[in-house]
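Keep in mind that what you see is a predicted model, and the values were worked out from it rather than measured. Below, chain A is the first sequence line, B the second, and so on; all start at residue 1.
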2 protein chains.
Amino acid sequence: MKQLKLSNQLCFPVYALSRLVTSHYQPFLGELDLTYPQYLVMLLLWEHRTMTVKALGQALMLDSGTLTPLLKRLEAKKLIKRTRSTEDERVVNIQLTTAGTALKEQAAGIPQQMQQSLGLSQEEVRGLKNLIEPILHRHDKED
Amino acid sequence: MKQLKLSNQLCFPVYALSRLVTSHYQPFLGELDLTYPQYLVMLLLWEHRTMTVKALGQALMLDSGTLTPLLKRLEAKKLIKRTRSTEDERVVNIQLTTAGTALKEQAAGIPQQMQQSLGLSQEEVRGLKNLIEPILHRHDKED
DNA sequence: TAAAATTAAATTGTGTGCAATTTAAAACCA
DNA sequence: TGGTTTTAAATTGCACACAATTTAATTTTA
């Protein structure tokens with residue numbers, strides 16, 4: 001049954017690559033005392049300054065079951081503040097603290113260093129993005 | 001700082017795709033009462049019948065910290081047997097039970113159904129595999 | 001407008017991943 | 001050979017992911 005050989009599955013390379021990439025972030029993120037998903041949240045906040053939990057969840061395809069405890073940990077590190085919106089008390093706004101904003105400087109070199117660490121060529125990066133992003137967008141509405 | 005925009009990171013599409021793919025397995029794997037990593041172990045065992053924990057770990061890039069509890073769950077479901085080798089008592093051999101072998105029939109249709117569920121073309125699947133696998137092999141020795 | 005439906009987070013519980021340590025066995029070697 | 005090193009799993013502890021449920025607030029609608 002050829003189809004059930006691991007080497008014939010697409011799923012496995014994608015899964016393995018994801019973990020490989022994440023593991024290469026570790027040395028760099030460790031210096032900032034961030035995990036990889038925490039770094040993704042910080043990337044969004046550095047870009048937008050303030051976001052709701054829902055907006056973070058949509059951008060990262062994560063639900064509150066993952067985000068709530070993660071955000072509480074970022075708050076405990078004093079990188080963000082969580083405040084319930086006054087116009088709509090269901091909503092929680094996430095905003096950067098001064099320390100959270102400052103961390104951006106320390107993170108500036110990471111994307112560059114990562115590409116080196118993974119040994120990827122420009123073509124590979126572009127090729128992967130060009131293949132993957134259309135697939136993700138095709139499935140955007142699913143969340 | 002353009003480099004720190006989420007949309008300019010390679011890491012995120014890879015991470016998001018991996019979770020998207022895994023989530024699409026869920027309805028199919030749920031019928032077999034398997035999680036996605038458990039399914040990967042079963043794929044290897046269907047192919048090789050018997051493997052050591054170490055060999056499983058090398059093939060899947062997972063360590064005993066992940067595999068030991070996972071394998072205990074598969075054993076609790078009576079799909080595999082875990083027996084310590086007599087020649088080398090450090091080694092644990094994992095072998096399929098009759099039920100574990102039988103499950104292969106039920107899994108036969110999954111790869112086909114998955115590609116449909118994800119709406120991927122042959123070109124996309126081939127393109128992704130061709131891009132990802134060389135990257136993984138380049139980093140094989142790292143584990 | 002009051003009840004029903006929807007929405008945003010939080011909570012609960014299970015199963016990974018993975019770093020770090022521990023345990024026990026086997027291999028090495030001075 | 002006896003002590004050191006290496007190796008294979010297991011264990012411990014922490015942080016995701018995610019399904020399912022709960023809670024509280026807002027919208028919808030009958």
Q: For A:T83 and A:V92, run side-chain contact (heavy atoms from CB on, under 4.5 Å): C-alpha distance rounded to whole Å, both residues' side-chain angles, the deciding distance at 0.1 Å, then the answer.
A: CA-CA 6 Å; A:T83 43; A:V92 169; over 6 Å; no
Q.
Walk me through whether B:Y36 and A:Y15 qualify under ring pair (Phe, Tyr, Trp, His ring centres under 6.0 Å).
A. CA-CA 10 Å; B:Y36 175 67; A:Y15 162 80; 5.3 Å; yes
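OP1 and OP2 of D:dA25 both lie 4.0 Å or more from every side-chain N or O belonging to A:R84. Within the structure, a side-chain polar atom (N or O) of B:K72 is placed less than 4.0 Å from OP1 or OP2 of D:dT11. Here B:Q26 does not reach the OP1 or OP2 of D:dA17: none of its side-chain N or O atoms lies under 4.0 Å away. Phosphate contact (OP1/OP2 of D:dC18, side-chain N/O of B:Y36, threshold under 4.0 Å): absent.
The C1' atoms of five pairs define one axis at each end of the helix from C:dT1-D:dA30 to C:dA30-D:dT1, and these two axes lie 10° apart (to 10°).
One interatomic measurement links the two molecules: CG of B:L34 to P of D:dA19, which rounds to 17 Å at whole-angstrom precision. Here D:dA19 presents its P atom at 11 Å from CG of A:L62, a figure rounded to the nearest Å. Atom C1' of nucleotide D:dC16 and atom CG of A:L60 are separated by 13 Å, given to the nearest angstrom. Atom-to-atom, CG of A:L40 to P of D:dA15 comes out at 17 Å; the value is rounded to the nearest Å. For A:D88 and D:dA25, the CG to P distance is 10 Å, given to the nearest whole Å. Between the CG atom of B:D33 and the P atom of D:dA19 there is a distance of 16 Å, given to the nearest Å. Between the P atom of D:dT27 and the CD atom of A:E87 lies a distance of 11 Å, rounded to the nearest Å.
Residue B:L67 is classed as having no contact, given no heavy-atom separation below 4.0 Å to the nucleic acid. Nucleic acid contact class of B:R19 (heavy atoms, under 4.0 Å, all strands): sugar-phosphate only. As judged by a 4.0 angstrom heavy-atom cut-off over every strand, A:T52 is placed among residues touching the sugar-phosphate backbone only.
Ionic pairing of B:E75 and B:R82 is present here: one or more N-O contacts between side-chain nitrogen and carboxylate oxygen are shorter than 4.0 angstrom. Salt-bridge formation is not detected for the pair A:E133/A:R138: no Lys NZ or Arg NE/NH1/NH2 atom is positioned less than 4.0 Å from an Asp or Glu carboxylate oxygen.
Mapping A:T35 and A:D63 onto DNA chain D by nearest heavy atom places A:T35 closer to the 5' end of the strand. Of the two residues contacting DNA chain C, namely A:Y15 and A:K54, the nearest-nucleotide position lying further toward the 5' end is that of A:K54.
Using a 4.5 Å cut-off on side-chain heavy atoms (C-beta onward), B:P37 and B:T66 make no contact. Considering only heavy atoms from C-beta on, B:L96 comes within 4.5 Å of B:M42 through its side chain. With a 4.5 Å cut-off on side-chain heavy atoms, A:Q115 and A:Q122 count as touching.
B:L34 approaches B:Q38 most closely through the heavy-atom pair CA-OE1, 3.6 Å. Of all the heavy atoms in B:S117 and B:H24, the pair that sits closest is OG-ND1, 2.7 Å.
In this pair, B:Y39 and B:Y25 present their aromatic rings tilted. The plane angle is within the 30 to 60° band.
Contact footprint of chain A on DNA chain C: nucleotides with an atom under 4.0 Å from a non-hydrogen protein atom, first to last in 5' to 3' order, C:dT7 to C:dC18.
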